[in-house]
Amino acid sequence: MPNAARLMAYPFEDIEPKWQEYWEDHQTFRTPDEPRQLSGEEKVYVLDMFPYPSGSGLHVGHPEGYTATDIVARYKRMQGVNVLHPMGWDAFGLPAEQYAIKTNTHPRDTTKENIAQFKRQLKSLGFSYDWQREINTTDPDYYKWTQWIFLQLYKKGLAYQSEEPVWWCEELGTVLADEEVIDGKSERGGYPCERVPMRQWVLKITEYADRLLEGLDDLDWPESTKEMQRNWIGRSEGANIYFDLVGVDDSLKVYTTRPDTLFGGTYMVLAPEHDLVDEITTDEHREAVEEYRQEALQKSDVERKQEDKTGVFTGGYAVNPATGEEIPVWVADYVLASYGTGAIMAVPAHDERDYAFAQKFDLPIREVVEGGNVDEEAYTEDGPHVNSANDDVDLNGLHNEEAQERIVEWLEEEGKGEHRVNYQLRDWLFSRQRYWGEPFPILFTEDGEDKPVPEDELPVTLPDIETFEPSGSPEGPLSNIEDWVNTTDPETGEPATRETNTMPQWAGSCWYYLRFIDPDNDERLVDPEKEQYWMPVDLYVGGSEHAVLHLLYARFWHKVLYDAGVVSTKEPFQTLVHQGMILGEKEYTTFVDPDGQYVSAERVEDGVDTRTGTEVERKELDEDEVEKDGDVFVLKEQPDVRVEARSHKMSKSRGNVINPDDVVDEYGADTLRLYEMFMGPLEQDKPWSTDDVEGVHRFLNRVWRLLVDDDELAVTDEEPEREQLRELHQTIKKVTQDIEHLDFNTAIAAMMEFLNAANKWDAVPREIAESLVLLLSPFAPHISEELWERLGHDESLAYADWPEYEEALLHREVVEMAVQVNGTVRGTIEVEVDADEEDVLAAAKEDENVARHLDGKTIQREIYVPGQIVNFVAN
RNA sequence: GCGAGAGUGGCGGAAUUGGUAGACGCGCAAGACUUAGGAUCUUGUGGAGGUCCUCCUCCGUGGGGGUUCGAGUCCCCCCUCUCGCACCA
């Protein structure tokens, strides 16, 4: 139903399609790509994280980042900079395949539909993408190069096969990567997963660990994201130490970051999965050890992480190389098989975990670093060493760092150990047992040897299939398609079979930013000249959920491509910004117990009244049913009942999802864009507010009415007044600086202030109207183009010159200054901008209220900050 | 527990090198125009107080101290929230 607001609104529903069509017809945002034509000219590459085109369409979170980059792209174009601003689709992925299984629809078809939907929605928002560069990771012309990159990794020995336990998820019919499994359940769907051994493709990202770590230093990225990557890589320095085993002809290798505490090592612990457990275990203990191992293997990670430590003695002993003592060897699941060597030397005096274990099993605790009280707790800080000497080496008195150096030196001399750098980063499990992914360009000959498909045979395309039933085994769906699996080796003509795993979804997004530079090149991944011109990406905007995986994998591939001479920069993304999450509207929630009584919010946890243990029901309240009492909200009617007041993540189940299409229908794309930028700082999470959307919409209406009266242009050709120019140039300065800093909310506020001032003028001079329209255009391009046209221009404003401010016009002749007495403002005075200090101070003293406060006091000090403040210190 | 970030009106949020806290918007209130108004326009709006109410006073940026002529901003201690990581030897 059209309400009154819509009837009064400017005709956005005509204007927006009109200009979207114009931009398309005129190819307004086509980026020239002849490098010779470009070289020497300034460029900027502004990139959004491309979306996965899901069936539910665009979410209001998408346009947030996309509008931010669009503003920058449009602003830079107007400054004469060459702008690359592309968009594409990360279209391989699990949802399309799950949907295929459910409905027997080919993922290609659903993907195509979803892309069409996303594209329509993005176009309706007026983003200035060069759609000629659109790419799609599922397009064989695209994944040909994904396969090509895999071959480079393969040829450099960075891709290998490994038989290792992986997460097999029965429900999804696939294995998952560690990072896709949370607490033994699939991240997507929450289905149970189990560890089974399987042949996998693995990428040696660990070989690049140090470079991935060092590369972070020079990037203009959020510190939190860099820190997360550093933690993920998890570099630590320490030593490998070898312990001889008693009665077994082998030695036990452990990794430790505290080799200096070696003299305090009073026992050893092996992970239950450790290879030497069988050998070390004595017959007497074998049964107990076996039992413990079985239990440990069946425990979930969560159970294994429980505080209470468990373990069992093997009966075996190892020799501490420093003390010569024989120390017992235990098996315990607090030692992880996947980190270090899967075995540790336990130093209970100086490690909290070992301390807890030693306490529980009554193992000796020997202090070797002074500073704490090891009768009470482990001491993990620095301190002088004690009890740490043998005939060859003496650490006593040394502090941690020196002691570490000394002992490692000694161990190396003795051949009992060596300095060692370790990482938490694991190699990247790169294969998936799915249909909807890039096939590997790998063949297996009849004797089982793997060999690459020759580059000129790429791409290896996905076969067409008719049913999407899971194969029911960890082998993927492709293994059932015999025509495809059975092929011939193009080099020898011998029979061969194809690799039936496919690549994970991360593959296509690891390098898409390069393909945008040269999307149609069928000779190479990217033309080197073009690559050199456009790279690196100058501004990359996307969600912080990709802080580690996508951004680390892409950096890894980029470095491999750098080594291969394909790219010219060491890092792909120079500046990175994460847009915040858009939350649902603020909700006021109260809780009601089964008797119908309100339960105050602080007493409720997980839907249960913590006092009585009974379940409570949620009840949504209207804003006017609550009021603020101190720091909290309470029921108006019953002020002792606290109310929960917060915004929640948008979700279907909560029913608080805002659909961008609805907002565009009701208020127009310019309003949606402007509102999302006005909500607050880009990086911050922000709650949606429909009232605020209307406020922004009103602003656009006021802009329209300022310049258009009854469908006629309403500007004057008279020269602007000095004060009008000052207002304008102040706004130009603020908007320009704010765009540079991505402070879009304050840029919009500045334009609103300007409008409030201009609304008081009798008429708006054309010159000023034009500048205002240009300033607004990156934010609200449709209304701006329309006004620009009505101002008499017959070309798009997309390449019009961005307004520049004149410093001289910014200054007022008279400024207002605050006058303080003892630090409290007591009056304001108007002074000439170039007035002398003496005159200002005199005027300040004359102010009636200031004089009153100075009366009877002696001025001790006069502080004068030109243009800002006067402060009299008096007593 | 560790790491990072953040606490400012009824709400979203502004505040250069420390220099008039609360820009801008929402909401709210009063008025104007109107058959009507949930449209539009104007004005007001942090709280408390004042016999000079187009004026003045006091209090106010999570809490407590400190530095300074002056602190939302700098320093120390504490509290709360959000997000990561979480037996990594």
Side-chain angles (χ1 to χ4, degrees), chain A residues 3-9 222-228 230-232 234 236 238 254-258 261 269 301 304-307 309 332-336 338-347 350-354 356-357 422-424 544 547-548 581 586 623-624 626-628 631 633 645-647 675 678-681 683-696 698-699 701-702 705 737 743 745-753 755-756 759 816-828 848-849 852 860-863 865 867-874:
Chain A
N3 61 25
R6 285 193 57 181
L7 295 175
M8 294 299 293
E223 203 46 51
S224 60
T225 299
K226 290 204 227 179
E227 202 54 33
M228 278 166 77
R230 288 189 188 108
N231 292 340
W232 190 263
S236 71
V254 303
Y255 173 72
T256 176
T257 54
R258 294 293 306 276
T261 61
V269 185
D301 276 7
R304 283 178 74 152
K305 278 175 193 163
Q306 274 169 358
E307 288 290 315
K309 302 222 175 336
D333 64 8
Y334 83 89
V335 173
L336 307 178
S338 57
Y339 187 76
T341 63
I344 61 156
M345 65 170 196
V347 185
H350 306 290
D351 181 285
E352 282 161 20
R353 296 149 300 176
D354 297 343
F357 192 81
N422 218 340
Y423 302 92
Q424 274 172 248
S544 57
V548 176
M581 205 191 320
K586 188 156 192 170
E623 203 182 334
D624 51 22
V626 300
E627 65 185 354
K628 194 149 193 186
D631 288 342
F633 281 89
R646 52 176 298 190
S647 335
Y675 170 63
F678 187 61
M679 292 173 89
E683 299 97 311
Q684 201 170 298
D685 291 351
K686 302 157 285 250
W688 186 269
S689 160
T690 300
D691 283 340
D692 288 358
V693 176
E694 288 186 11
V696 164
R698 275 200 279 273
F699 164 69
N701 273 319
R702 283 201 288 269
R705 284 201 308 271
Q737 288 179 344
D743 292 332
N745 55 331
T746 49
I748 294 165
M751 288 188 279
M752 287 174 167
E753 276 187 85
L755 187 81
N756 291 342
N759 257 328
E816 197 181 66
M817 279 179 74
V819 182
Q820 298 179 331
V821 177
N822 291 329
T824 305
V825 178
R826 296 300 177 186
T828 55
E848 208 182 315
N849 200 41
R852 210 158 56 76
Q860 308 287 319
R861 221 177 129 184
E862 293 173 337
I863 287 144
V865 184
Q868 297 202 14
I869 208 150
V870 175
N871 188 10
F872 296 113
V873 184

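All values reported here derive from a predicted model rather than from experimental measurement. A, B, ... follow the sequence lines: proteins, then strands. Residue 1 opens every chain.
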Quick one: which of B:C24, B:G12, B:G3 gets closest to the side chain of A:E227? B:G3

Which is more 5' along RNA chain B, the nucleotide nearest A:M817 or the one nearest A:Y423? Just name the residue. A:M817

Under 4.0 angstrom, heavy atoms only, what part of the nucleic acid is A:N745 near: base, sugar-phosphate, or nothing? sugar-phosphate

Expressed in whole Å, how much space separates the C1' atoms belonging to B:C55 and B:G66? 36 Å

Once you round it to whole Å, what is the distance between C1' of B:G38 and CG of A:N701? 15 Å

For the pair made of NZ in A:K309 and C1' in B:A89, what is the distance, rounded to whole Å? 11 Å

Can you check the distance between B:G22 and B:G46, where both ends of the measurement are the P atom (answer in whole Å)? 9 Å

Considering residues at least two apart in sequence or located in another chain, which fulfil the side chain to side chain contact (heavy atoms under 4.5 Å, CB included) criterion with A:Q868? A:V865

Assign each of A:V865 and A:A343 the nucleotide of RNA chain B bearing its closest heavy atom; nearer the 5' end lies the nucleotide of A:V865

Give a yes or no answer on whether the side chain of A:N822 reaches the backbone of A:A874 with a donor-acceptor pair at less than 3.5 Å. yes

Can you see if the side chain of A:R230 gets near the phosphate of B:A4 - specifically, an N or O under 4.0 Å from OP1 or OP2? no

Once rounded to the nearest 0.5 Å, what's the spacing between atom OG1 of A:T828 and atom CD of A:Q820? 12.0 Å

Footprint string (nucleotides 52-63 of chain B, 5' to 3'): B base within contact, S backbone only, - free, heavy atoms under 4.0 Å: ----SSS-----

The nucleotide from B:C11, B:A14, B:U20 with an atom nearest the side chain of A:K628 is B:C11

Nearest heavy-atom pair of A:P681 and A:K686: which atoms, and what distance? O-NZ, 2.8 Å

Gap between atoms CD and P, on A:E352 and B:A86 respectively (whole Å): 17 Å

Heavy-atom nearest pair, A:V819 first then A:F872, reads CG1-CE1, 3.8 Å

Interatomic distance at C1', B:G63 relative to B:U8, whole Å: 15 Å

Please state whether the phosphate of B:A86, meaning OP1 or OP2, lies under 4.0 angstrom from any side-chain nitrogen or oxygen of A:N231. no

With rounding to the nearest 0.5 angstrom, report the CE to CG distance, A:M751 to A:N756. 13.0 Å

Does a nitrogen or oxygen in the side chain of A:Q684 sit under 4.0 Å from OP1 or OP2 of B:A6? no

Between A:N231 (side chain) and A:G234 (backbone), is there a donor-acceptor pair under 3.5 Å? no

Rounded to the Å, how far apart are A:E753 CD and B:G22 P? 12 Å

Give a yes/no answer on whether the side chain of A:Y339 brings an N or O atom under 4.0 Å of OP1 or OP2 in B:A89. yes

Syn/anti state of B:G10 by chi, 90° boundary around 0: anti

CZ of A:F699 versus C1' of B:U40: gap in Å, rounded? 17 Å

Is B:C28 in the syn or the anti form, by the rule that syn lies within 90° of 0? anti

Could you tell me how far B:G5 sits from B:G60 if I compare only their C1' atoms? Round to whole Å. 26 Å

Provide the distance between the two P atoms, one in B:A21 and one in B:U80, to the nearest whole Å. 31 Å

Take the protein atom CD of A:Q424 and the nucleotide atom P of B:G3, then report the distance between them rounded to whole Å. 16 Å

Base, sugar-phosphate or nothing for A:D685? Non-hydrogen atoms, less than 4.0 Å. sugar-phosphate

Work out how far the C1' atom of B:G27 is from that of B:G65, and round it to whole angstrom. 38 Å

Where the side chain of A:K586 is defined as all heavy atoms beyond and including C-beta, which of B:A89, B:G25, B:C11 is the nearest nucleotide? B:C11

First locate atom CG of A:L755, then atom CZ of A:R705, and finally report the distance between them rounded to the nearest 0.5 Å. 9.5 Å

Under 3.5 Å between N/O atoms: give me all the protein pairs with nucleotides 67-71 of chain B, atom names plus distance.
from: B:C69; atom 1: OP1; to: A:R861; atom 2: NH1; distance (Å): 3.1
from: B:C69; atom 1: O2'; to: A:N871; atom 2: ND2; distance (Å): 3.3
from: B:C69; atom 1: O2; to: A:N871; atom 2: ND2; distance (Å): 2.5

Between B:G13, B:C11, B:A89, which one does the side chain of A:I344 approach most closely? B:A89

Partner residues of A:V821 under the side chain to side chain contact (heavy atoms under 4.5 Å, CB included) criterion, sequence neighbours left out: A:R826, A:V850, A:H853, A:L854

When rounded to the nearest Å, what value does the distance between P atoms of B:C74 and B:C85 take? 29 Å

Using only heavy-atom distances, determine whether the side chains of A:R852 and A:N849 contain a donor-acceptor pair under 3.5 Å. yes

With a non-hydrogen cut-off below 4.0 angstrom, is A:N759 in contact with a base, only sugar-phosphate, or nothing? nothing

So A:W688 and A:Y675, would you call those rings parallel, tilted or perpendicular, with 30° and 60° as cut-offs? perpendicular

Categorize A:P681 for me: base, sugar-phosphate, or nothing, with a 4.0 angstrom heavy-atom threshold over every strand shown. sugar-phosphate

How many angstroms lie between CZ in A:R258 and NE2 in A:H350, if you round to the nearest 0.5 Å? 7.5 Å

Quick one: the dot-bracket string of RNA chain B, using Watson-Crick and G-U wobble pairs with both distances under 3.5 Å, [ ] for crossing pairs and | for bases paired to another strand. (((((((..(((......[....)))((((((.......))))))(((((....)))))..(((((..]....))))))))))))....

Report yes or no: is there a donor-acceptor pair, N or O only, under 3.5 Å between the side chain of A:Q868 and the base of B:U17? yes

Going from CG on A:D685 to CE on A:M581, what distance comes out if it is rounded to the nearest 0.5 angstrom? 5.0 Å

Return the OG1 to CD distance between A:T746 and A:E753, rounded to the nearest 0.5 Å. 10.5 Å

Rounded interatomic separation in angstrom, taking CD from A:E683 and C1' from B:G13: 14 Å

Can a cation-pi geometry be assigned to A:K309 and A:Y334, taking NZ or CZ under 6.0 Å from the six-membered ring centre and within 45° of the ring axis? yes

Just by modelled atom types, is the A:G823 backbone N or O under 3.5 Å from a matching donor or acceptor in the A:N871 side chain? yes

With the sugar-phosphate defined as primed atoms, P, OP1 and OP2, and the base as all remaining atoms, what B/S/- string results for nucleotides 26-34 of chain B, 5' to 3', for protein heavy atoms under 4.0 Å? SS-------

Among B:U20, B:A23, B:C11, which is the nearest nucleotide to the side chain of A:T828? B:U20

Should we say atom CD of A:E352 is surrounded by more than 12 heavy atoms from elsewhere, each under 6.0 Å from it? no

When the P atoms of B:G62 and B:G9 are compared, how many Å lie between them, rounded to an integer? 8 Å

For atom CD of A:E627 and atom P of B:G9, their distance in whole Å: 17 Å

